[in-house]
Amino acid sequence: MGLKTEPGDQSNERAPIRVLHVDDEPGFVEMAAEFLEREDDRFEVTTETSVAAALEQLDSDPFDCVVSDYDMPEQNGIEFLEAVHERDPELPFVLFTGKGSEEVASEAISAGVTDYLQKEGGTEQYAILANRLTNVVERVRSRRALAERKRRLETLIDNLPGIVYRCRNEPNWPMEIVEGECRKLTGYSATAIESDEVVWGEDVIHPDDQEAMWDAVQEALEAGEPFEVTYRIETADGETRWVWERGSGVYTSGDADGEKEPEALEGFITDVTAQREREAELERTNALRSTLFDALPVGVLAEDDSREVMAANRQLVELFDADSTPEELVGRDCVELAASLSEGFAEPERFRERIDKLVDERLPADDELALADGRTFKRIHRPIEFDDGSGHLWVYQDVTDRVAYETELQQFETILETSGDPVYALDAEGRFTYVNDSLVEMVGRSEAELLGEHPSIVLLDGDAERMKSVIESLLSTGERRRTTEIDVVTPDGETIPCELHLSILPSEESFRGTVGVVRDLSDRIDRDRKLDRLRDRTQALMYTESKVETAEVATTAADDIIGAPLSAVHLRNEAGDVIEPVATVDSITDYFEEAPRYPRDAPDGTAPSLIWEVFESGEPLRIDDTDAYERLTEERPAKSVILHPIGRHGVFIVSSGEPNDFDDTEETLVELLATSLRTAFDRVERETELRRQRNELRARNERLDQFASVVSHDLRNPLNVASGHLELAREEVDSSHLDAVANAHERMISLVDDLLTIAREGDEATEPQPVDLAELAGGCWEGVETTGATLETPNEHRIRADPGRTKQLLENLFRNAVEHGSTGSRTGSNDAVEHGRTDEESHDEDDADHLTVRVCPLDDGFYVEDDGVGIPPEERERVFDVGYSTSQNGTGFGLAIVEQVADAHGWDVSVAEGSDGGARFEIENVDTA
């Protein structure tokens, strides 16, 4: 018979600890029990003084631990231990004895005692005993709880419809543990998958789902959340199945920064193929039903017995012009919905009451409802029954056309007679059956002259055939209405351009004829013509050369096109205190002795105050009758006025001596003209300033050219004389000082050449043209002493540049690179800036042979760099200064010329460190070709 040890199964840390203490000394065992219970209130100690009684106690009651003396009359502690373990091998047994010897301890350990404790004097031993007992019991309880959890987990796994797993977080998902119905799910054994004989991420997951599945899992792991994914697998026999997986990451303890990486994944995978197939079939069925539902030519709404919308289709939403979609209507309260929709009906209250009555009494009904906008809806109501309840079905159909057809004949004559537009009706043969008074007045013929006649008697040639073609097109396409243009001709030969709105007479049988509404287009055509003329005038504003000329074009246009004989352009004077006329219509002198000026400080109620208000606010003002305008207290010759600001320039005043002389069309024309006028004034100002700048530049260049000529003549002649005497001296004397004189002459010649270049070329490039940068650079390289250096150019990079000026720029940059970029010797020319060294330094000529100069494109330009010694950062800001050079023999003009050429093109030039440490000159803001 086994022992009852249920208390050991409790996982609560405060669960009681049942202890059976056996000792043949009654006083000691009672005292020990009392001290144990004092140490920890969880202890419940049962005492016995004999082994026999203790074994009976174990058979009847559950205990968590046994404490026993060794030396007892019936059986010693070791024999008692063996008897206990025959009943329950896992029950903790602590030997608490006064006989302390190595022999007893060794025997106890061999017998499987849980712990061994020797009795001591004093009460401290009970605290030690309590601690030992607590630790022993908790270890056993933990072990039992773990075993129970394992048992339950194994039972759960055995009954799960799928597999549980542990795998590494790698794209192939290598599985470390697979348990459950692996072969049933995949066709592979768990061993094959765990051994990587079958790789889950390659052999099992469907190829089309592998990447998406990886991304979904990684996204969840990065967020520190569990993941759920549904994907396809391919079984061992080639079948495709859908599976659902849920899992989470098993994380490391984290690195020094606290970042945790998933070292593995654990989760569950189950087959959801049948569910997916059911869902797919349901989706197909629902899609078909939804398509049919939405395709119905009538609006449909279904509600349940709680008066909530179950379904609605698109046609219903369109019929009622609802703000919601059909999906958004589902779940809405039908009483509330009916209340909101009722406002669109002619009798909202009756609409709501009728719905309530039909619902309450579950009555079928067919009726027609008039809407506030004139349409007519047919409504059908049917009570419906469901398996789990009842509801109501509502069908709405727009029958406006049918109702209109039924009432059209009665209303037709009344509408036509009261219409202000010319209206007619033709029969199926195309002859007038009706004309109203407006048409009679337009065509200049009586009703008797028109009825029974063909429209060709009032139309230009070809328009009757056009009308016939329109009617045939309407009949063939099923359209009801069409608009076209015709020309009506009166008996006296006047032609009236018209717009014809033509409709087929409604008929459920054969064609009955047409009706038409004719509208005179004369005003619209006149407006279009004015716009065309205004467009021509505004184009002229593109070519004016002064503000006066510009203003005259505008005033002439105002008079000729708008019909405003009192128009003028007024501009603010330089002092800013008067808006004064610069151009007026000639006829303005019929009303004023001289064109008026408008001072800023004019009192309120005067024309100047209004004009300054328009100018400063930037808002135009139209006055239809100045005599009736309350803000104008003085009488003016102009009765109709449009005041339009012209930006910062002034005000465009368009006016007439007659009141109400301008309509919206004229106001629009003035706005267009004023806008063009402002643009033209801005252009004239810019061009005037440009001409002034060009004149100044031309005068400066002339002075520079004169200076250059003087310099060229006055400096070169003495230099030529000196050079001649130098050659004579060489014939007579052999001295190293003569070489220094020759170098000085060459330096002076270089200075003169550079000065002439700067002076004569100026700050502007000639006409830029497409230039192949590589080709130009190659030509420049051939013209420079390169001392064995190498040039690298782009394959193809075309820019817009002045070829001659750009050649100067490149040659100076090449010369600068070759002469000072390397650590080798220099050439005789001294136009370049030293790259961080002086000519007195010792150089190795072999280094020049290894210098590379590159010309490479930039996004908006190009750069020239070398791999030489470079230019120190502290010198880069000064290298373009005229006369700056770190070389004793340099002129200091080489890079100044580079900057001048760049400025002349509008380019930006800067110096930086090259890719290999040399000098790099970047030229940016360059247009590509």
Side-chain angles (χ1 to χ4, degrees), residues 9 11 90 141-255 259-280:
D9 295 335
S11 59
E90 294 184 359
R141 285 180 175 177
S142 296
R143 187 168 61 251
R144 288 177 176 173
L146 180 61
E148 177 63 17
R149 285 198 296 273
K150 182 178 179 182
R151 183 193 64 78
R152 291 177 181 176
L153 179 60
E154 289 175 348
T155 302
L156 176 63
I157 292 173
D158 289 341
N159 289 277
L160 281 175
I163 64 173
V164 294
Y165 68 87
R166 178 185 176 95
C167 73
R168 297 195 299 277
N169 185 34
E170 299 174 8
N172 288 335
W173 308 112
M175 294 289 185
E176 298 176 347
I177 300 174
V178 178
E179 296 186 7
E181 300 176 339
C182 184
R183 189 177 295 278
K184 182 179 179 181
L185 177 65
T186 68
Y188 300 107
S189 68
T191 302
I193 295 177
E194 289 174 340
S195 66
D196 287 342
E197 178 184 340
V198 175
V199 180
W200 187 268
E202 291 182 356
D203 303 323
V204 181
I205 298 179
H206 193 284
D208 293 343
D209 294 349
Q210 291 172 6
E211 182 177 353
M213 192 269 194
W214 169 263
D215 292 341
V217 172
Q218 298 313 303
E219 182 178 352
L221 293 177
E222 289 175 2
E225 299 174 350
F227 58 86
E228 291 186 13
V229 287
T230 302
Y231 56 93
R232 291 167 293 176
I233 64 171
E234 293 182 338
T235 64
D237 58 3
E239 179 186 357
T240 298
R241 293 182 180 177
W242 283 94
V243 298
W244 174 82
E245 177 179 345
R246 177 181 174 87
S248 60
V250 178
Y251 294 89
T252 61
S253 59
D255 56 21
E259 296 291 334
K260 295 183 178 182
E261 292 293 334
E263 63 181 13
L265 305 180
E266 294 180 349
F268 170 68
I269 303 172
T270 188
D271 189 342
V272 293
T273 303
Q275 177 184 343
R276 289 285 298 198
E277 290 175 349
R278 288 194 300 272
E279 290 175 353

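Sequence positions, counted from 1, serve as the residue numbers for this chain.
The shortest heavy-atom contact between Leu185 and Arg241 is O-NH1, 2.8 Å. Across all their heavy atoms, Pro171 and Trp214 have their closest contact at N-CZ3, 3.3 Å. Looking at every heavy atom in both residues, Val178 comes nearest to Met175 through CG2-CB, 3.7 Å. When every heavy atom of Gln210 is checked against every heavy atom of Ile205, the shortest pair comes out as NE2-O, 3.1 Å. Shortest non-hydrogen contact noted between Ile163 and Gly180 is CG2-C, 4.1 Å. When every heavy atom of Ala236 is checked against every heavy atom of Gly187, the shortest pair comes out as CB-O, 3.5 Å.
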What side-chain donor-acceptor pairs closer than 3.5 Å can you find for residues 216-230, not counting sequence neighbours?
| residue | atom | partner | partner atom | Å |
| --- | --- | --- | --- | --- |
| Gln218 | OE1 | Asn169 | ND2 | 3.4 |
| Gln218 | NE2 | Asn169 | OD1 | 2.9 |
| Glu228 | OE2 | Arg246 | NH1 | 2.5 |

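Relative orientation of the Phe268 and Trp244 rings is perpendicular, given thresholds of 30° and 60° on the angle between their planes.
Ile233 contributes atom CD1, which lies 7.0 Å from atom CG of Asp271 (distance to the nearest 0.5 angstrom). To the nearest 0.5 Å, atom CD of residue Gln275 and atom OG1 of residue Thr270 are 9.5 Å apart. Rounding to the nearest 0.5 angstrom, the gap separating the CD1 atom in Ile269 from the OH atom in Tyr231 is 4.0 Å. Between atom CD of residue Glu179 and atom CZ of residue Arg166 there is a gap of 12.0 Å, rounded to the nearest 0.5 Å.
Of the possible polar contacts, none joining the Thr240 side chain to the Glu234 backbone as a donor-acceptor pair under 3.5 Å is found. No donor-acceptor distance shorter than 3.5 angstrom exists from the side chain of Asp203 to the backbone of Val198, with no hydrogens or angles considered.
Here side-chain hydrogen bond (donor to acceptor under 3.5 Å, both in side chains) pairs that include residues 183-194, with residues two or more places apart or in two chains, number zero.
In this structure, the side-chain contact (heavy atoms from CB on, under 4.5 Å) partners of Glu211, at least two apart in sequence or on a different chain, are Asp215.
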>> Determine whether Glu90 and Arg143 satisfy the following criterion, salt bridge (charged side-chain N to carboxylate O under 4.0 Å, His left out), listing intermediate values before the conclusion.
In response: CA-CA 10 Å; Glu90 294 184 359; Arg143 187 168 61 251; 5.3 Å; no
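When side chains are defined from C-beta on, Asn172 does not count as touching Glu170, because their heavy atoms never get closer than 4.5 Å.
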